[in-house]
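Quick note: numbers below take in every heavy atom, side chains included, and nothing from hydrogens, waters or symmetry partners.
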Amino acid sequence: MSACAVVVVVTAWSACQCDRELAEVPGSLAGTACRETGEPLPSAVVHVAGPTEVDVATDGAGRFSAANLQPGNYSVTVEIDGDVHTIADVVVDSQRAAAADDPACAGDPRVPATGSVEGNICNRHVGTMVAGGRVIAQVGTTQVESVTDDLGHFRVDGVPEGEGLVTFIAPGFQRTFPIVISAGSVFGVDLGENCTPPSTSTGCVTGSLCDPAAGPGSELVGGAVSVRPSGLISEGANDLTDAEGFFEVCGLSPGLYDVRVHNGDVDATEVVRVVAGETVTVVGPAACASPTDPKDPQDPKDPQCESFVHEPDVTADGRVFFVVDKSGSMALPAQGFVDKWDALKDAIASVTSTLSGPDLDYALVTYPNALPGQVDEACDAGSQRVAMGGSGVDVNNALASIAAAGGTPTARTLANTRATIETLAASERPLAVVLATDGAPNCATSDGLGLGQESLRQNCAVRFGVGSVCTSNVDGQTDSSCAPFNCLDLSAVGEVRNIADLGVDVHVIGIRGSNESNAAFSETLEDMAVAGGAPLPASSATRFHDANSTQALNAALARITRRIVACTITTPFEVEAADADLSLRLGATTVSRDTSRQNGWDATGTNTLQLFGAACDDATASEDDVTVTRCAQP
């Protein structure tokens, strides 16, 4: 013990006496040597002179470095064709590597001149700075990327000289702006001011402006937009038109505003009235007006027009009815999942927290009712855990207290739930059913299929292709008695269709591991997805949402819920009035009406429009808003 104490004392005392040695911790330097033309100088001897003197060689790119240098002033030279050329005079210390780059290298004709792009980005849809978003600056074929910080600030260095574009990408946000890069300069794209969240007491001004020199259908790119209260100069907000001519300013108090658009030869001002809780659309320069643009409501020769902007990421209006399989196999791990039941609960929690608000309601049914260990109740239909009108928190709290157990009585559960869904469908508000199951329905009965027991056995054998026995077990176990618990229940397809016939889409998610690939399961899930009226496109690998991993499950739920709130639009005005003309745009793209409801939009209620087919696919995938314009004829 005492020996150890002596060692400690001696070490501490010695350290206190080492001031001189500590002051002389070695440093280093590194740099590049070049010819006068700017080309790198390979295989040359660089002389480093100072408190330490050393010669080092350059590599094939003219780079060199020197280590273990005593701190102090150094001169770095190289001999070129018999002449001594000074590369740099530097100070070496022990804290960092000194840079000894040759100024001649800046003229290297093989290295393009570069500059930077810097600024701050606000997502005006939600009134928050874009944190953690990708920033992609492109000039010609060269792309340079960066990421916005927590305050929405970004800087991209090393962008080649010339004209190009900078694109910002984040969940629920994507915009592209023009940039002009000069060597050694910084191009600013600052869209961070007036980043105010939308509210019921403020309004927004938006527009997709055209270039008047090119006429209707063109885009006014890089136009400066200022929105000022009429008669005032200093107050207001600014934005920039992006590569699609789009701009948006929110958080404006109700009243009259001057919207000025300025870009080169373009200098136009439009007066608009901002209304609390609404978005007003600016047409832009007069030369851009077209027959499809909203007319001036103050002109008695024109029809009276009003517009409504559907913003699913901000003012999501809809109802999601979850019907969730909690059968015993959901508690099993599978490739892609640690535990499918926990993965499903986590995915629902993630989606409901992302899409939430006073106008988005949820309901929850889980099936079967069986508790762990209850065999006789394994095929009992499910029950409603959360009534429609519940929040995401209500749904997640209910799921947290439920354990996976029992069979998969999908048909019985849907049959029992249909009356509740029919009552909800009487309202025009968006409504959809999300059916999440980890396998095809079992718990079949001869009554349910309209078959005798022997026919039931044969039906199962045909569907599963396993001879004269039937199975619903993903691991291939069979039951020669063809007990109903183990038989595929084809009547579930009809029950899904019955709900779809109410005008309610049923989105089918198959939560399967890679070992759950029974062809009969897939066929039945495919049939249910098509019967539900919301299958994936025929070009997809499956018509149902094949969630074979935790990531795929999260993506499927997010895609479905986005589709629900993006494709059904409830307007504040009547859409089916006989004396009114309707038009609908997704961003700047006009969507045609299709009364056959295959691809386009159609009115589905007094105040409700629905997007169908590819038009709904586009709205789901897009981050653009939907604008509905109603013009009443004079």
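The backbone N or O of Phe246 sits less than 3.5 Å from a side-chain atom of Arg175, completing a donor-acceptor pair. Between the side chain of Thr148 and the main chain of Gly132, a donor-acceptor pair closer than 3.5 Å is present. No side-chain donor-acceptor contact under 3.5 Å links Asn263 to the backbone of Ala224. The backbone N or O of Val205 sits nowhere less than 3.5 Å from a side-chain atom of Thr279 that would complete a donor-acceptor pair. No side-chain donor-acceptor contact under 3.5 Å links Arg385 to the backbone of Leu399. Between the side chain of Thr413 and the backbone N or O of Gly382, at least one donor-acceptor pair lies under 3.5 Å. Arg630 contributes no side-chain N or O that, together with a main-chain N or O of Thr571, makes up a donor-acceptor pair within less than 3.5 Å. Remark: side-chain polar atoms of Thr176 are not paired, donor with acceptor, to backbone N or O of Ala243 under 3.5 angstrom. Looking at Arg134, its side chain never comes within 3.5 Å of a backbone N or O of Phe168 through a donor-acceptor pair. For Thr366 (side chain) and Lys326 (main-chain N/O), no donor-acceptor pair under 3.5 Å exists by modelled atom type.
Using a 4.5 Å heavy-atom threshold, the side chains of Phe154 and Val189 count as touching. Using a 4.5 Å cut-off on side-chain heavy atoms (C-beta onward), Ile499 and Glu495 make no contact. Contact annotation: the side chain of Val135 never approaches that of Ile121 to less than 4.5 Å [non-hydrogen atoms, C-beta and beyond]. Here the side chains of Asn238 and Glu193 are in contact, with some heavy-atom distance below 4.5 Å. Between Thr627 and Phe308, the closest side-chain pair of non-hydrogen atoms is not below 4.5 Å. With a 4.5 Å cut-off on side-chain heavy atoms, Phe612 and Gln598 do not count as touching. Two residues are said to be in side-chain contact when any heavy atoms from C-beta on lie closer than 4.5 Å; Thr568 and Leu431 fail this criterion. Ile348 is not listed as a side-chain neighbour of Leu364, based on a closest heavy-atom distance of 4.5 Å or more.
Of all heavy-atom pairs between Val395 and Phe322, the closest is CG1-CD1, 4.5 Å. Shortest non-hydrogen contact noted between Ala170 and Gly133 is CB-CA, 4.1 Å. Taking both residues in full, the closest heavy atoms of Leu191 and Arg124 are given as O-NH2, 3.4 Å, listed atom of the first, atom of the second, then distance. Between Ala500 and Val506, the shortest heavy-atom distance links the atoms N-CG2, 4.5 Å. Nearest heavy atoms, Ala615 versus Val591: CB-CG1, 4.0 Å. The minimum heavy-atom distance between Ala492 and Met528, with the atom names listed, is CB-SD, 4.0 Å.
Annotation: the span from Leu525 atom CG to Ile509 atom CD1 amounts to 11.0 Å, rounded to 0.5 Å. Separating the CG atom in Asp546 from the CD atom in Glu526 is a distance of 8.5 Å, to the nearest 0.5 Å. With values rounded to the nearest 0.5 angstrom, Leu165 atom CG is found 6.0 Å from Thr167 atom OG1. Distance check: Ser583 OG to Trp601 CH2 gives 8.0 Å after rounding to the nearest 0.5 Å. Rounding to the nearest 0.5 angstrom, the gap separating the CG atom in Asp242 from the OG atom in Ser208 is 7.5 Å. Note that the OG1 atom of Thr437 and the CZ atom of Phe544 stand 10.5 Å from one another [nearest 0.5 Å].
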* Yes or no on side chain to side chain contact (heavy atoms under 4.5 Å, CB included) for Asp190 and Leu240, after CA distance, side-chain angles and deciding distance? -> CA-CA 9 Å; Asp190 196 344; Leu240 208 74; over 6 Å; no
* To do: Would you check, one step at a time, whether the test side chain to side chain contact (heavy atoms under 4.5 Å, CB included) holds for Thr420 with Val365?
  => CA-CA 11 Å; Thr420 301; Val365 166; over 6 Å; no
* Asked: Can you list the steps and then say if Asp267 with Arg260 is a side chain to side chain contact (heavy atoms under 4.5 Å, CB included)?
  -> CA-CA 7 Å; Asp267 193 349; Arg260 183 190 179 198; 2.8 Å; yes
* List the steps, then state whether side chain to side chain contact (heavy atoms under 4.5 Å, CB included) holds for Asp602 with Gln610. => CA-CA 6 Å; Asp602 194 21; Gln610 181 79 34; over 6 Å; no
* Thr410 vs Thr408, side-chain hydrogen bond (donor to acceptor under 3.5 Å, both in side chains): CA-CA, chis, key distance, verdict -> CA-CA 6 Å; Thr410 305; Thr408 313; 5.8 Å; no
Sequence neighbours left out, cut at 3.5 Å: what donor-acceptor pairs do the side chains of residues 247-257 make with other protein atoms?
{"from": "Tyr257", "atom 1": "OH", "to": "Ser253", "atom 2": "N", "distance (Å)": "3.3"}
{"from": "Tyr257", "atom 1": "OH", "to": "Ser253", "atom 2": "O", "distance (Å)": "2.7"}

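Applying the ring pair (Phe, Tyr, Trp, His ring centres under 6.0 Å) criterion to Phe177, with sequence neighbours excluded, gives no partner residue.
Considering Leu502, Asp501, Thr417 as possible partners of Glu422, the one that fulfils the side-chain contact (heavy atoms from CB on, under 4.5 Å) test is Leu502.
Annotation for Glu244: atom CD does not count as buried by contact number, only 12 or fewer foreign heavy atoms lying within 6.0 Å.
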